[in-house]
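One structure is given here, and the rest of the page talks about it.
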Amino acid sequence: MKILITGGKGQLGTDLTLFLKDKGFQVYSFSSSEMDISNLDLSYKITKEIMPDVIINCAAYTAVDECEKNINKAFLINTIGAKNISIISNEINAKLFHISTDYVFNGEKDSPYTEYDKPDPISIYGKSKYYGEVMVKEHNERFFILRVSGVYGKYGKNFIKTIINLAREKDELKVVNDQFVTPTSTIEICKQIHILLPTTYFGLYHATCEGSCTWYEFTKYIFKNLNIKTKVIPCSTEEFPRPAKRPKNSVLENFNLKLIGFNAFSQWQEAVKIFLKSF
Ligand SMILES: NC(=O)c1ccc[n+]([C@@H]2O[C@H](COP(=O)([O-])OP(=O)(O)OC[C@H]3O[C@@H](n4cnc5c(N)ncnc54)[C@H](OP(=O)(O)O)[C@@H]3O)[C@@H](O)[C@H]2O)c1
């Protein structure tokens with residue numbers, strides 16, 4: 001099976017490339033400079049030369065705060081880029097995996113979101129990703145949309161690396177304690193994609209680790225595991241104003257994966273522990 005990965009040098013794209021190569025697949029992985037998904041002709045040309053059986057779109061403009069001022073760029077990559085990849089995979093009859101986000105929701109629900117809850121994004125990033133999903137659905141029938149959240153991995157920037165670096169510099173840290181998330185490791189997402197890969201269970205899936213925590217609780221857990229003594233002080237979102245609004249509740253229930261009996265995700269604490277050991 002030939003697999004083409006876009007955004008192949010990103011946090012998820014890098015791990016997915018390594019993971020699938022290791023499983024014996026022929027993987028063709030492209031960075032943003034090699035294959036710009038907002039360029040339909042170029043993306044089409046590259047894809048046509050390879051004729052992959054599967055395309056995995058990990059490419060996105062993920063700088064959530066920057067998206068608020070670079071609105072055109074956000075929609076060009078996250079919406080039009082997704083549309084381009086969807087059109088191309090449909091034309092060559094390749095299965096499409098498209099990665100989306102918990103930020104499609106407004107965060108006002110007081111329990112985990114399922115795939116049957118109505119999206120209502122509150123940031124430009126969230127809107128551009130939501131309309132990316134809409135484009136994928138409009139232009140393709142053989143798609144898997146995986147909504148992931150709180151992603152961390154060995155490559156690229158993420159919360160775990162940032163908070164460890166801050167702990168090196170400071171004796172105490174204030175961390176938001178009123179936003180709920182589910183930290184999800186790239187490796188857990190790779191395993192889930194690997195399971196879905198040979199199937200035709202197309203559709204929309206929430207794809208995150210099990211359980212939830214606040215960013216404060218997440219930090220405490222990381223520090224406990226690494227024996228970091230930096231004091232962690234809980235604070236509210238209002239104390240940390242940022243250009244883009246974040247949903248207060250970002251917790252996703254893997255409802256559809258559980259319905260079809262394919263949910264492979266571990267508890268978030270287990271996945272974090274494994275990551276920290278290898279880190
Ligand atoms: N990180 C999270 O917590 C999180 C949460 C929810 C959902 N997600 C979703 O998960 C997916 C993977 O995210 P990630 O954490 O791996 O993010 P990432 O590390 O920022 O990776 C995204 C990659 O996309 C590339 N890219 C940007 N514009 C592109 C373009 N026009 N054409 C092709 N590639 C382009 C970037 O390349 P450059 O660096 O060269 O620009 C980067 O390598 C994304 O769809 C994201 O929306 C992430």
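Note that ligands are numbered from 1 as they come in the structure, with each ligand's atoms numbered from 1 the same way.
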Please work out whether any backbone atom (N, CA, C, O) or any side-chain heavy atom from C-beta onward of Thr62 is under 4.0 Å from ligand 1, and answer side chain, backbone, both or neither. side chain

Out of Gly10, Ala60, Gly8, Ser31, who is nearest to atom 24 (O) of ligand 1 when you count heavy atoms only? Ala60

For atom 10 (O) of ligand 1, what's the nearest protein heavy atom and its distance? Ile99 CG2, 3.3 Å

Pick from Tyr155, Tyr125, Phe159, Phe30: the one approaching atom 46 (C) of ligand 1 most closely through a non-hydrogen atom: Tyr125

Can you tell me the protein heavy atom closest to atom 32 (N) of ligand 1 and the distance? Ile37 N, 2.9 Å

Which protein heavy atom lies closest to atom 6 (C) of ligand 1, and at what distance to 0.1 Å? Val148 O, 3.2 Å

Return yes when atom NZ of Lys45 has more than 12 non-hydrogen atoms of other residues, nucleotides or ligands closer than 6.0 Å, and no otherwise. no

Ligand 1 atoms in contact with Asp36 (distance to a heavy atom under 4.0 Å): 30 (C), 31 (N), 32 (N)

Is the Trp215-Phe180 ring centre distance short of 6.0 angstrom? no

Keeping the roles fixed (side chain from Glu68, backbone from Asp65), state whether a donor-acceptor pair exists under 3.5 Å. no

What about Tyr116 and His206, are their ring centers closer than 6.0 Å? no

Salt bridge (Lys or Arg N to Asp or Glu O under 4.0 Å) assessment of Asp53 paired with Lys2: CA-CA 5 Å; Asp53 304 289; Lys2 288 198 251 179; over 6 Å; no

Can you list the ligand 1 atoms lying under 4.0 Å from a non-hydrogen atom of Met35? 32 (N), 33 (C)

Protein contact of atom 19 (O) of ligand 1 - nearest heavy atom, named by residue and atom, plus distance: Gln11 N, 2.9 Å

Look up atom SG in Cys213 and atom OH in Tyr221, then write down how far apart they are to the nearest 0.5 Å. 10.0 Å

Any N/O of Ser32 closer than 3.5 Å to an N/O of ligand 1? yes

Among the heavy atoms of Gly81, does any lie under 4.0 Å from an atom of ligand 1? no

Can the ring centres of Phe218 and Phe159 be said to be less than 6.0 Å apart? yes

Any atom of ligand 1 sitting under 4.0 Å from a heavy atom of Gly156? no

Return yes when at least one protein heavy atom is under 4.0 Å from atom 39 (O) of ligand 1, and no when none is. no

One finds that the ligand 1 atoms under 4.0 Å from a non-hydrogen atom of Lys9 are 43 (O)

What part of Asp102, side chain, backbone, both or neither, has a heavy atom within less than 4.0 angstrom of ligand 1? side chain

Once you round to the nearest 0.5 Å, how far does CG of Asn78 lie from CE of Met135? 12.0 Å

For Lys245, does the NZ atom have more than 12 heavy-atom neighbours from other residues, nucleotides or ligands under 6.0 Å away? no

Distance col, row Ile56:CD1 vs Ser89:OG, nearest 0.5 angstrom, shows 11.5 Å

Any atoms of ligand 1 less than 4.0 Å from a non-hydrogen atom of Lys129? List them with their elements. 44 (C), 45 (O), 46 (C), 47 (O)

Test of understanding: given a 4.0 Å heavy-atom threshold, classify the contact between Lys157 and ligand 1 as side chain, backbone, both, or neither. neither

Atom 34 (N) of ligand 1: the protein heavy-atom neighbour that sits closest, reported with distance to 0.1 Å: Ala59 CB, 3.2 Å

Run the salt-bridge test on Lys248 and Glu108 with the 4.0 Å N-O cut-off and return the result as yes or no. no

Do Phe202 and Phe143 pass the ring pair (Phe, Tyr, Trp, His ring centres under 6.0 Å) test, and can you show the C-alpha distance, the side-chain angles, and the key distance before you say yes or no? CA-CA 5 Å; Phe202 301 121; Phe143 67 83; 7.6 Å; no

Determine whether any heavy atom of Thr6 lies closer than 4.0 Å to an atom of ligand 1. no

Derivation and outcome, side chain to side chain contact (heavy atoms under 4.5 Å, CB included), residues Val151 and Asn158: CA-CA 7 Å; Val151 180; Asn158 60 53; over 6 Å; no

Tell me the protein heavy atom at minimum distance from atom 3 (O) of ligand 1, and give that distance in Å. Val151 N, 2.9 Å

shortest atom 16 (O) of ligand 1-to-protein heavy-atom contact is with Leu12 N, 2.8 Å

Taking a cutoff of less than 4.0 Å between a non-hydrogen atom of the residue and any ligand atom, is Ser100 in contact with ligand 1? yes

Counting neighbours of CD on Glu141 that are heavy atoms of other residues, nucleotides or ligands and sit closer than 6.0 Å, is the number greater than 12? no

Measure the distance from atom 12 (C) of ligand 1 to every protein heavy atom, then report the residue, atom name and distance (to 0.1 Å) of the closest one. Cys58 O, 3.7 Å

Pairs of nitrogen or oxygen atoms closer than 3.5 Å, one from Ile77 and one from ligand 1: do any exist? no

